[in-house]
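Residues: numbered from 1 along the sequence shown.
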Amino acid sequence: MSSIADNIRRVQEQLPAGVTLMAVTKARTHDEIMEAYNAGLRIFGENRVQELTAKREQLPDDISWHLIGRLQSNKVKHAVTAATMIESVDSVRLLRLIDDAAEARDRMISCLLQVHIADEESKTGFTGDEILSTPWDVITASLKRVTIRGVMGMATFTDDQEKVRQEFRRLATIFRQLNERHFRLTEHFDTISMGMTSDFQLAVEEGSTLVRIGTLIFGERT
Ligand SMILES: *Cc1c(COP(=O)(O)O)cnc(C)c1O
């Protein structure tokens, strides 16, 4: 069996410069995560606020924790306290709650807008139309503690590579359009978070800047 460090090296060899590797640590033990840390990774992703908070307390301080799962309003305060980035922002209302919570805690927080690119009901996010017709310039002008850094999306879970490629391409196009129309003046609007174990190569070919990998680093989740 290959070690976590070997797995990380093998993934990194496939990533061009400018693409960051995030280790998705849901359901992983402290020791497994420390192996990834010792192999040099510093960005870790969790689906649930509670797990993220618990792991953050037990692991080194220089880890940047990203929340990648759906955020309920009653968990916003905890999310803002523990995460450096919330990748799963799926409404303007949530963005405002995050901003208020960050202000109350005197913190800055980075966010990604999650876009629904898959044709599966279960995957959340803004639709392409919604996100492009939202007046982001007005909204961002009123946000005090949130920096919108880009977009996040998940492709349909399918063997149809061409379909997955088209979905990633669409997300990259939405990112570019948002950048041109609304975020030109936003420093650091630079992140397209797309690609997981099964599809990260396609995501990278279509312009991903951040891949979120669990299984390929740590093995199958039990
Ligand atoms: C679990 C998860 C991943 C990683 O999935 P793997 O297939 O294990 O690489 C990436 N993104 C999100 C949003 C996830 O929930």
Side-chain angles (χ1 to χ4, degrees), residues 1-15 19-72 75 78-79 82-90 109-118 120 122-125 149-158 164 167-168 171 191-204 206 208-222:
M1 234 183 73
S2 60
S3 72
I4 287 171
D6 289 339
N7 295 342
I8 289 171
R9 189 157 11 84
R10 224 170 293 129
V11 176
Q12 274 171 332
E13 280 167 6
Q14 298 177 67
L15 300 179
V19 181
T20 303
L21 173 59
M22 172 208 291
V24 177
T25 55
K26 63 189 179 209
R28 307 302 176 178
T29 64
H30 180 275
D31 289 354
E32 288 173 316
I33 300 171
M34 276 311 294
E35 272 188 66
Y37 180 87
N38 289 330
L41 296 192
R42 291 294 181 272
I43 302 182
F44 294 148
E46 276 291 333
N47 283 60
R48 293 160 179 269
V49 176
Q50 214 170 335
E51 243 183 284
L52 188 155
T53 304
K55 283 176 177 156
R56 185 196 147 94
E57 281 166 9
Q58 291 154 12
L59 286 152
D61 272 346
D62 61 346
I63 293 173
S64 176
W65 289 97
H66 288 206
L67 182 69
I68 58 174
R70 189 164 208 180
L71 176 57
Q72 294 167 318
K75 304 261 170 63
H78 292 295
T84 52
M85 184 185 271
I86 298 173
E87 297 200 8
S88 43
V89 175
D90 58 3
I109 184 132
S110 296
C111 289
L112 300 181
L113 305 172
Q114 185 172 355
V115 187
H116 182 108
I117 50 171
E120 289 162 4
S122 60
K123 295 188 174 154
T124 57
R149 296 281 307 267
V151 294
M152 184 271 256
M154 270 190 275
T156 303
F157 190 69
T158 170
V164 170
E167 290 173 355
F168 286 146
L171 185 58
T191 304
I192 306 178
S193 172
M194 60 184 188
M196 328 194 335
T197 291
S198 61
D199 56 19
F200 79 93
Q201 283 112 335
L202 285 173
V204 166
E206 296 303 327
S208 173
T209 69
L210 178 63
V211 292
R212 309 178 307 268
I213 311 271
T215 309
L216 204 55
I217 292 176
F218 299 108
E220 292 293 336
R221 274 181 292 277
T222 45

Would you call [X] and [Y] a side-chain contact if the rule is heavy atoms closer than 4.5 Å?
X      : Y      : value
Ile213 : Phe200 : yes
Val89  : Leu112 : no
Phe218 : Thr25  : yes
Ile192 : Phe168 : no
Thr53  : Lys75  : no
Leu67  : Val49  : yes

With sequence neighbours excluded, tell me which residues meet salt bridge (charged side-chain N to carboxylate O under 4.0 Å, His left out) with Arg42.
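In terms of salt bridge (charged side-chain N to carboxylate O under 4.0 Å, His left out), with neighbours along the sequence ignored, Arg42 is linked to Asp62.
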
Okay, side chain of [X], backbone of [Y]: is any donor-acceptor separation there less than 3.5 Å?
X      : Y      : value
Thr197 : Leu216 : yes
Thr209 : Val19  : no
Asp90  : Gly125 : no

Could you report the tightest heavy-atom contact between [X] and [Y], atom names first, then the distance?
X      : Y      : value
Tyr37  : Phe44  : N-CZ, 3.9 Å
Ala155 : Asp199 : CB-OD2, 4.0 Å
Ser88  : Leu71  : OG-N, 4.4 Å

Which of these, Met85, Gln114, Glu87, sits in a side chain to side chain contact (heavy atoms under 4.5 Å, CB included) with Ser193?
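With Ser193 as partner, side chain to side chain contact (heavy atoms under 4.5 Å, CB included) holds for just one option, Glu87.
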
So how far is it from Thr20 OG1 to His66 NE2, rounded to the nearest 0.5 Å?
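The NE2 atom of His66 is 9.0 Å from OG1 of Thr20, to the nearest 0.5 Å.
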
Does any donor atom in the side chain of Glu167 or Thr156 lie under 3.5 Å from an acceptor atom in the other side chain?
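The answer is yes; a qualifying pair exists.
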
Which pairs, with at least one residue in residues 47-59 and sequence neighbours excluded, count as a salt bridge (charged side-chain N to carboxylate O under 4.0 Å, His left out)?
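Sorted result for residues 47-59: Glu46-Lys55, Glu51-Lys55.
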
So with a 6.0 Å cut-off around CD of Gln201, is the heavy-atom count from everything else above 12?
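Buried by this count: over 12 neighbours within 6.0 Å.
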
